[in-house]
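Order of the sequence lines sets the chain letters (A, B, ...), proteins ahead of strands, with each chain counted from 1. Values below: all heavy atoms of this structure, side chains included; hydrogens, waters and symmetry mates excluded. Since we're looking at a predicted model, the values are computed, not measured.
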There are 2 protein chains.
Amino acid sequence: MPYPSQVNAETIVQAAASLIETHGADGVSLSAVGAALGVKAPSLYRYFDNKTALLRAVNQQTAARLTSALVEATEPEPDPAAKVMAMFRAYRAFAHAHPALYSLAYLSGSPELRVGEAVADQFGAAMQGVIAELVGAERALPVLRAVWALAHGFVALELAGLFERQGGAGLDAAYDEAVVLFVGGIRLG
Amino acid sequence: MPYPSQVNAETIVQAAASLIETHGADGVSLSAVGAALGVKAPSLYRYFDNKTALLRAVNQQTAARLTSALVEATEPEPDPAAKVMAMFRAYRAFAHAHPALYSLAYLSGSPELRVGEAVADQFGAAMQGVIAELVGAERALPVLRAVWALAHGFVALELAGLFERQGGAGLDAAYDEAVVLFVGGIRLG
DNA sequence: GTCTATAGAGCGATAGAC
DNA sequence: GTCTATCGCTCTATAGAC
């Protein structure tokens with residue numbers, strides 16, 4: 001952390017994100033973020049109006065990262081069913097890789113941290129195309145919601161530790177199995 | 001709030017639960033809970049070691065309430081498929097009726113608030129029987145997980161407001177549709 | 001069994017010097 | 001652009017009087 005401290009909005013978001021990943025969302029105070037950058041808390045107010053604005057920016061970044069991870073995962077796959085399967089896997093992989101960031105963006109119901117466009121539109125637009133290839137454009141929206149619900153629900157219960165009591169092992173297989181069950185249902189409908 | 005204040009563990013849990021329902025989980029301080037009972041914060045320490053213990057008790061109650069709501073909903077239904085459908089609907093109805101309590105118990109990943117037996121075992125045992133009637137005992141566990149994931153995921157995304165951007169209307173129908181898709185998949189498997 | 005008083009800590013945010 | 005200093009607030013938890 002050298003002297004011309006080179007602090008800007010981007011590095012602050014980055015530092016906050018790292019802190020959230022390592023110490024959880026509750027461990028993020030402005031002074032902690034500042035300390036990670038070699039700077040005191042009040043300095044951050046030059047770049048963000050308040051803490052909420054900073055966390056919103058973090059969520060925006062998380063949503064963008066998740067979306068591009070999904071796009072990257074689905075793109076190389078040849079057929080629609082494989083794309084959907086790849087999307088499911090990439091979704092869970094992202095949540096496992098960044099559980100605290102994922103939770104902050106998608107699990108906290110707090111309205112002030114919500115970033116509508118980034119979280120829902122961006123994500124929805126990218127994925128709806130993939131779904132439409134499988135089930136047709138007119139059924140894409142409800143199926144997208146169902147797909148999202150299944151993936152999010154599985155991951156959220158996992159992260160909350162609620163699957164552990166029934167034997168935590170074999171969750172990878174259980175996830176794939178749930179997806180296969182579901183994709184079977186989709187094709188029927 | 002009469003004078004022989006009649007405070008005990010049960011009334012404290014009750015007051016905390018009400019407070020959570022009306023003001024959200026963050027609005028629960030010990031002094032607020034005390035105030036709701038006509039008592040000061042330090043008095044509560046006669047009944048709970050600390051705040052965490054109180055919240056754990058609240059979660060335990062929430063889990064018990066959810067479980068019995070599901071049992072009550074499924075019992076009158078005649079065939080297995082109808083039972084599962086009723087279970088799905090009751091699950092969502094409970095989360096809608098008590099969103100903040102539901103979130104605290106099932107959405108917060110906080111390990112210290114976890115009540116393993118009550119949340120997972122109690123719930124799992126009650127529901128696994130219903131599922132087993134539909135798909136057989138040996139497939140009951142993975143299917144239960146998938147069912148739970150779908151219901152929880154849909155409800156969680158709803159509560160987080162993430163479905164609103166795509167048109168919040170019609171979520172009742174969307175949920176039923178997702179369930180039907182899924183139950184179709186279950187029967188195939 | 002409930003109270004007052006208080007310790008002790010952490011936080012977000014602002015004012016103003018440099 | 002970053003600092004020091006500080007305000008003001010909230011909260012958990014304890015000690016000890018009543």
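Of the candidate nucleotides C:dG1, C:dC3, D:dT4, C:dC3 has the atom nearest to the side chain of B:Val39. The side chain of A:Lys40 has D:dT4 as its nearest neighbour among D:dT4, C:dT2, C:dC3.
Looking at B:Ser29 and B:Ser31, their side chains do bring a donor and an acceptor atom within 3.5 Å of each other. Side-chain contact check for A:His96 and A:Tyr91: no donor-acceptor pair (N or O, by modelled atom type) lies under 3.5 Å.
At a threshold of 4.0 angstrom between heavy atoms, the contacts of B:Phe48 with the nucleic acid are absent.
Open room surrounds CG on A:Asp26; 12 or fewer heavy atoms of other groups in view lie less than 6.0 Å from it.
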Exercise for the section: Give the B/S/- string for nucleotides 11-18 of chain D, one per nucleotide from 5' to 3', where a protein heavy atom under 4.0 Å of the base yields B, of only the sugar-phosphate yields S, and otherwise -. Expected result: SSBB----

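Relative to the ring axis of B:Phe163, A:Arg145 places its NZ or CZ within 45° and under 6.0 Å from the centre.
Using the six-membered ring where Trp is involved, A:Tyr175 and A:Phe88 have ring planes that are perpendicular, over 60° apart on the 30 and 60° scheme.
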Using distance only, find each side-chain donor-acceptor pair of residues 176-183 of chain A under 3.5 Å and give its atom names and separation, not counting sequence neighbours.
residue, atom, partner, partner atom, Å
A:Asp176, OD1, A:Arg89, NE, 3.3
A:Asp176, OD2, A:Arg89, NE, 3.4
A:Asp176, OD2, A:Arg89, NH2, 3.0

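Rounded to an integer number of Å, the gap from B:Leu44 CG to C:dT2 P is 9 Å.
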